[in-house]
Structures are given as C-alpha cells and as structure tokens.
Amino acid sequence: MGREIIRGVKASVSSRPRCRWVAPALLPVINLALALLLSAVVVVLIGESPTRALWLLANGAVGNAEAVGYTLYYATNFVFTGLAVAVAFHGGLFNIGAEGQAYIGGLGVALLCLGAGGWPTAMIVAAAVVLAAAGGAAWAFVPAWLQARRGSHVVITTIMFNFIASALMTHLLVNVLIKPGQQSPETREFDPNTWLPQLHDVARSLGWEIGRSPLNLSVLVALAAGVGVWIYLWHTRWGYELRALGHNETAAVYGGILPARTVIVAMSSSGALAGLMSLNEVMGVQHRLLLNFPGGAGYVGIAVALMGRNHPLGIGLAAVLFGALYQGGSELSFDMPNLTRDMVVVIQGLIILVCGALEHALRGPLEAVVR
Amino acid sequence: MRNPTTLVVAVLVAAVTVPAGHVVAQEFVPAIVFDMGGKFDKSFNEAAYAGAERFKKETAIAYREFEVTNEAQREQALRNMARRGSQVVVGIGFSQASGMERVAREFPNLKFAIVDAVVDLPNVQSIVFKEHEGSFLVGMAAAMASKTGKIGFVGGMDIPLIRRFALGYEEGAKYVNAKIEIYRNMTGTTPAAWNDPTRGGELARSQFDRGADVIYAAAGATGLGVLQAAKDKGRLAIGVDSNQNHIHPGSVLTSMIKRVDLAVYEAFKAARDGTWKAGVRSLGVAEGGVGFSLDQHNRGLITAEMEKRLQQARADIVAGKIKVTDYMAGK
Amino acid sequence: MSETALLIALLAAATARGAAPLVLAALGGLFAERSGIVDIGLEGKMLAAAFGAAATAAVTGSAWAGLGAGVAASVLVSLVHGFACITHNGNQVVSGMALNITLSGLTAALGYAWFHEGGQTPLLGPGARFAPIELPGAAALAGVPGVGTAYREVVSGHNLLVYFAAAIVPVAAWIVYRTRFGLRLRAVGESPDAVDTAGISVSVTRYRALVMSGVLCGVSGAYLSIAHHASFIRDMSAGKGYLALAALIFGQWRPVPTLGACLLFAFADALQARLQGTPLPLLGVVPVQLIQAIPYILTVCLLAGFVGRAVAPRAIGIPYLKER
C-alpha cells in the first residue's frame, strides 16, 4: 500500500503549476490561514474569542524563549519519527510502527544509562545513540524480514509490533525494571552524568540565560539525522536503490536491485531513526524509562512525513509546526479552560486536514489570481 | 489571610493599586492538575474534581485546572501553575510524582500535594490511600452476595496500584468464603486500556460465562463496560473510586470509594487557612479515606446481615484485628 | 465433555461479538480501498458514528434513530475524505489521519458541550439500544445436547447488529463480484484510465464507494455505543479501526478472507481473556502481558506462515488526474 501512496504523492507533486514560485510559496500560507479560519469558527461556536485564542496559541508556541524551547523539544520527537516514516516511504513501505520502535529504542538507552553510571558523559552519549538506533532497528527488522522474505504486509506487522512492544515494555517495567517500592511503573532516575545536557544549561555555562525548557542536545542529533537522511537518500547508491524500488519495483529489479535486501535496509534504517527519538525523551528529559513514553509521536510522524513531502527539509518545517501546535495548544487550554483539550485536538486535526490533505484545493483559484 | 480584616484590606489595596484585568499576585488561587483520564472519568479524576468544586462552592475561590494529555505535559503543567502564582498545586495520580519532585524543588516556597504517590520533600504533601483496605471490604461484600461461589476482578492495566486493589479484594472475599473462586483479568497494556468499555464488557462477559456473579472493576472508563455488562446479564458489579452506585441502580452492588475529593478539598482548604503540613497522609478505613458505599441505589442489595458483617470488619480493620496485605508493602 | 462443549460455544459467542464491529468496518474499508482510496480513517468514522448514534439515541430514545444518525455522521466524514482525496487529489493517508485526529477531539468536545458529562453521553435505557435477541427455538432446543448448546450460546442471543454484520459479508461479496457497480469499483481501483476511457466517471464511482464505507463504518460505530455498550465514551473505538484495516489487508482485500481475519482477531482476543491467570501446561502461570500479546504474535505468525504476498488494488493511493 505504501508504495502506491508514495507514487500518489509524486503524482501530485509533478503537476506543479507553470507559475514558478508564487503558488508554491503562497499556498502553504493561505492554507494555514484557512485552517485557522476554520478553527476560529469552531472557537466562536464554543463561545470564545477567536482572536484571543489565536494570540494565546501563537504566544504560547513562540512568544518567549521558553515557549520556543518547548516547541522545539516537541519538534525534535517529530523530526525523528517523521524521518523514520519518510525513509520507509521512499522505499514504498508504510511504517506505522515508529511508536513501538521508539519504545524499544528507549529500552536500549535505559539499560545503558542504568548500567553506565561511571562512564564519561561523551562516551555514554555515543553509546546511547548506537543503542537507541539499534533497539529501533531491531524492532523494525522482524517486520522488514517478513515483508522481504514472506511477503507479510508491513502495515499489519508493524501495527502488531506496536502492540507487542507495549506488552513487552509493560511487563519489563512492572515486573523487572521498576524501582522497588514505588507505585509508578518506571525505572529509577539515571545518574546525572548520563543525562543529555539541556540547552538552557549549556547556554548558561556559556554565559547566556535562556528560558528553561526540556530542549536538549538531542535536537542536534535530529538535525544531523536530517542531513544524514538527505545524503543517504539522494547521494548514496543505497538511497538510489531504495528510491528506485519505491518508484517502480519491476524496473528496479530489472536494473539489478535486490528488493529483499533493499527492503530490509530501508525498514531497519527507518526503525533506527524512530529509536533515536528515545534520546530526547528518555535521556534528555525524563531521565528514566517510563510507561508509554513515546506518547503517540510515532503516529504524528506519519502526518509530519507526508506534510513535509518526505523531504528532510519539509519534515523539519512540518515538525516545528506540529511542535508549535502541541505547545501552543497546551498553553491555550491553560488560559481558556472552555477550550478543552479536546478542542485543541480538533484544531490540530483541522490544520492537518487543510494544510495536508486539502493543500491543492486552493491551487487552481490561486493560480488564476496570480497569473 | 486568615483574618478577614487583612483580607478586606488586601483586596482594597489590590483594587486601588492594580489596574483591572491584571492578576493580583497575592490572591489565593489553588491549582489542580488532573491525570490522563480527565476530570469527568466518573471515577478517580472526577472525585478529585468534586473536591475542587466543593472548595470553590464553599469559599467562592476559583481554582486553576489542567487536564494532561501527554507525558511531557505533566511537569510543564505543574511548573506553569507554580509560575502563575498558585500557592498550592495538587497533582492527581502517581504518574505526576517525578514531575512534581522537580517542580517542587524549583519552587521551595510554594506548597504541593500529590495523590497516590509519595514525594519526599519539605514542601510536598503526599496523600496515599490504603486501597487494599477498601477493596477488602468490597471483596467481602462480593463473596457474601455471590450465589455461585465465583467472583471476578477486571483491572485496567497490570500495574502495582491495580494489583493492590486486586489483592485486597481477594483477601476480603476469602475472609468470607475461603473456597471462593476468583477470576482476575487485566484489560491491556496501552493507555487505551483505561478507555475501552467494549473490551471491559467482554472481559466481564467472559467471567460471567464462567459462573461469576459479582465483578469488581478497577479500570477507569473501561469499568463502565463492566457495569453495563452486569446490568445486561442481570448480575452484579462493584464500582470504584467515586460512588458509582447511581450508574445502574440495582446492579451495582456497592462501590469502593476512595475519598480523593476529600484529599483535594482538604489540601486546598489547609493551604488557605495556613494549617497545611508537608509529609505523608495515609488514608485508610480508619481515617475515612476508603470504604464501601451504601445509598438508596444499592440499599436493596446489601442485606442487614451483610451490612453488619461489613461494619464489624471495618471496625476490626481499624482496631488492627484484621490485617489486610498491602501489595506495595512487600516491594 | 459438555463442559468443553460449553467452553467452545462461549468462546465462539465472544468471538462473534468481538468480530462484528471489525467485520463491518473492514468491509467498509474494502469498498473504499477496492476503488483505490486508502481508508486509514476507519477509526475516525467509527468514532463519529458511535457518538452520533449515542447522542441521538439519548435524545430521542430510539435505537433506530440513533443508528440512522450514526450512519449519517460516518457518511459525512467519508464525504469529507472524498472531497479532499477525490475532488482535490489530496494525500489519502494524511486526510485519513487528519480525520481520525479531528474526530477524536470533536466527538468529546461536542459531547462535553451538549451533555455536560465530560464528553460522555447519557446512559441509554432499554428502548434506546439494540438488545440481545433470543431467536425462536433457543429455549426449546436447550435440552438437546451439543446442538442445543451451540444454538443457544452461539447463534441466538446476539443483538441485531451482529446478525447484520454476519449477513453483510455475502452481500458485500455479491456486490463486489456480481454487480455492475462492483465491476466498476474493481476496475477503478485497478486501472482508472481504462474506466475513464470507457466513459465511466472515476470520481463518481469512488464517491459511491466512500459512501458505502461510511454506511458500514456507521453501523460499526453504532454497534459500539448503542448495542454493545450503552453510551459514548471518548475514544471508545480504542484502535479497532486500525485493527479492521489490518484485517482487510490480511484478507487480501476480499470479503470472505477479511471475515476470516476478523474472526481470527476476535477469537484470539476472547482466548487471551480466558487464558489470563490460568496456568498453562508446561509453562505454569505466565505474566499477563505475555498472554495479552498472544493475539498480535499469533497474527504475525499466521501472516508469515500461511498467507502469501498481499497484492493491493493497483491504483490505491493514487489521485486520478484526468489527461488534459
């Protein structure tokens, strides 16, 4: 199914307007405005002021250094999962399993941090990157292998592996890794030298005061992952093979590409990227392994990848948009209790709908105007 | 601001010096952060909400509130409340413990309270309940009401808190009938486990099919499916946390009530009155923190004989003659 | 012996109840996907229908009015999906995900605003929901060993929507394989160009498929809120839409194998409920999480072991752009 979806994306991309830059540049802005307008209608129906809501949303997301920090912290998660989904997509595979892959990646990170109390931080960080990626890749490898060798549809197997991951992790956290004597199924807090430094601490040591937020050095890993994915997909032979396979399997096989190996490599890389998300949550913020820490970021990654057109740059932008919606949304429900958390979810959904799925709706009228 | 004159003066001063619309820094605004289930879960969080509402009604003091929707928001919400000048911040649910630990350290001059977990800091009040004691009593009720000698338990997720409910329930049932058969099911391993009445209903049906005729649900909104299945099958269910007898009068045998409302109300009130104290408050049967509910909706289900034995057991627990095992104690 | 028979009968009955919403949603998805539209929004449609049905049944006191409203809500969501994906060539997965997210919030928000019970709807009384139906002869046959038990426990005693789900499978198969609409549906999903050349509108066929999907998901959602349970609870679909999608793919986009996949999922779930806390031969009492993972592990094993490569409709996911 994924393969066909990606072709669908390309089909819509290839029908670019003749007007070179105006529409592509204006369209997202107009779409976002339309989405906000729709949301405003909902806000009015609830009986609140839409301008105040919008101001609170925007201010809550980017109004001060701390808000920006939170927005980027959420965005870091979405960059990882978005890249994960995108890499698989380029190979024509629909990876719904980023959630479970991130969960298992977190297991690798947690085991390291629990055991490596005495190591130097730099060494722990390097090892954590490897283990997070390895955990995620391992969890993606089985569905990948089954797809490649047995033709088992990767959508089903990755959904199933999400459930299996949650069962496994609940078992481990409740029965094995739990800190004795506490209610909450989570590990003990890691030793401070295993924490990924948070940006406000780094900034302070350099003499700057920035707002306190969970944003941590994993954001740099996310940027590096974005660049890495870009190089991998468009500047390596493996990336070429992957895209060729995603574009047209028959032609790819004819061209000497081994589909099975390519599928396994693509899915494992995808899982590794998803696993890296745990660096942010487990090592950068919570400093312990807790139940359900991915919190749905794996699913948001699907929307992020598609809205970002499966390109690292687009994914970065889409991830920041979603991060802003998460952060601004929670600030919004603080100040306007009538706009419950459900309303914030509605607004997020409408923005994805209009900016993502209905993105072409206004292209015709817009082109007619700018031409 | 215990003294009314001070209050009046403070209000007057505030009214004069602060332009309308601005938040008055000295104003007493308690805050509450609900857990994932949300304040209308008809159960745990709703009890907390009821306590906050009671405070608002009695004192005409509004409170700030927030419903958490993802893991990262917990700490953020607590900090946000603290920063906005809430003098007392109450966190509902054990999942808030780690977030509260950090935020309470950052704001040593503010008061915090947490329900269902212990945070060992000088400015945190930890309120824990002896759910096993209350569960023991409803387990007794279940065993006495059961005609088949088989009863059931449906939990949300297999976590220590729910095991504590289950263990107390089983001990209570066996106290009445040593040979009673008890089925135990857990709903799932994802957060949906607390929000899946369809599966809750199916688990209950499965236990009813095996002969159980009373089922205790400790599973959030999933438990509503258990209650419904009991009604549909003409058997009995036991509610949890809030008094759920009214949901299906005549088929809810009783509810294991956990006075989260009282905990929240008292934390707010003590903070306002200046009688607030840090430390652990452990609320069991003796403190009136847990118990079984008896009202007009289940009056017909609990016979005088049953009530007598339950009251006796309650007194025995208070007196220490009955010792209910706390699942957490051995850990 | 009779104990074992009863156990099997009860498991079968639980399987039927568990499979009903999956079958309805999966067959709905089948129509959409056979026409070439990815339908990841099954979850959102089920939620919309569950809410619409429960809210209407609560206000009117009529189960049928509730069912109608649930179906209408679900069809409306389906049409929005069509508007984005067919009329405007939007990305089908994004649209489906967006609708899932929107409805997860919207149902709870509307419930909150209308009923003031925190996103839930009021509990429904007997007339406002589909109650179990005792089929004629269930009591009379009860004395007959084997057959009587099977008839009483498995065949009789379900609510109307379970029987509807059972009946819809052959109907769906007949529509897909034996009617002109079915032929067009499959053709549009395989090679829309050819259908277009033959003078049949690709868009209209796909819209019709989405309406079918909406109707079936509507019944599925109504099953959750006004048949199995008696109110709407936020996010009460609890991932069943995704499971239905998995069943559809497992069933290779064909009605009868899809039914098989749904029955398998439901059976595994009923089995795990029964196995929890029961000592297993050789293993003793297994951690409950492992038992809970059985349905998912079983699915993966069966998929890998017995089911061949899944072949999707060829044009699935591709917006149809008319040659100009």
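Atom CE of A:Met160 sits about 10.0 Å away from atom CG of C:Leu298, to the nearest 0.5 Å. Atom-to-atom distance recorded for C:Tyr242:OH and A:Asn162:CG is 11.0 Å, nearest 0.5 angstrom. The distance from the CZ atom of A:Phe94 to the CD1 atom of C:Ile249 is 9.0 Å, given to the nearest 0.5 Å. With rounding to the nearest 0.5 angstrom, the CD1 atom of A:Ile351 is 10.0 Å from the OG1 atom of C:Thr102. Within the model, atoms CD of C:Gln289 and CG of A:Asn175 stand 5.5 Å from one another, a figure rounded to the nearest 0.5 Å. Rounding to the nearest 0.5 Å places CD1 of A:Ile352 at 10.0 Å from CG of C:Asn100.
Neither the backbone nor the side chain of C:Val288 comes within contact range of chain A, judged by heavy atoms closer than 4.5 Å. For a residue to count as touching a neighbouring chain, one of its non-hydrogen atoms must lie under 4.5 Å from one of that chain's; by this rule C:Leu290 does not touch chain A. In this structure, chain A has heavy atoms under 4.5 Å from both the backbone and the side chain of C:Phe250.
Using a 4.5 Å cut-off on side-chain heavy atoms (C-beta onward), C:Tyr296 and A:Ile159 make no contact. At least one side-chain heavy atom of C:Ser95 sits less than 4.5 Å from a side-chain heavy atom of A:Leu353. Annotation: side chain of C:Leu106 is not in contact with side chain of A:Asp342 (no heavy-atom distance under 4.5 Å).
Looking only at heavy-atom pairs under 4.5 Å with chain C, the residue among A:Leu350, A:Ile302, A:Val354, A:Ile164 that has the most is A:Ile164. When each of A:Leu168, A:Thr157, A:Thr170 is scored by its heavy-atom pairs under 4.5 Å with chain C, the top score falls to A:Thr170.
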Problem - Pair A:Leu146-C:Leu303, side-chain contact (heavy atoms from CB on, under 4.5 Å): steps then yes or no - result: CA-CA 9 Å; A:Leu146 290 172; C:Leu303 198 60; over 6 Å; no
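Scanning all heavy atoms of the two residues, the minimum distance from A:Tyr299 to C:Met97 falls at O-CE, 3.4 Å.
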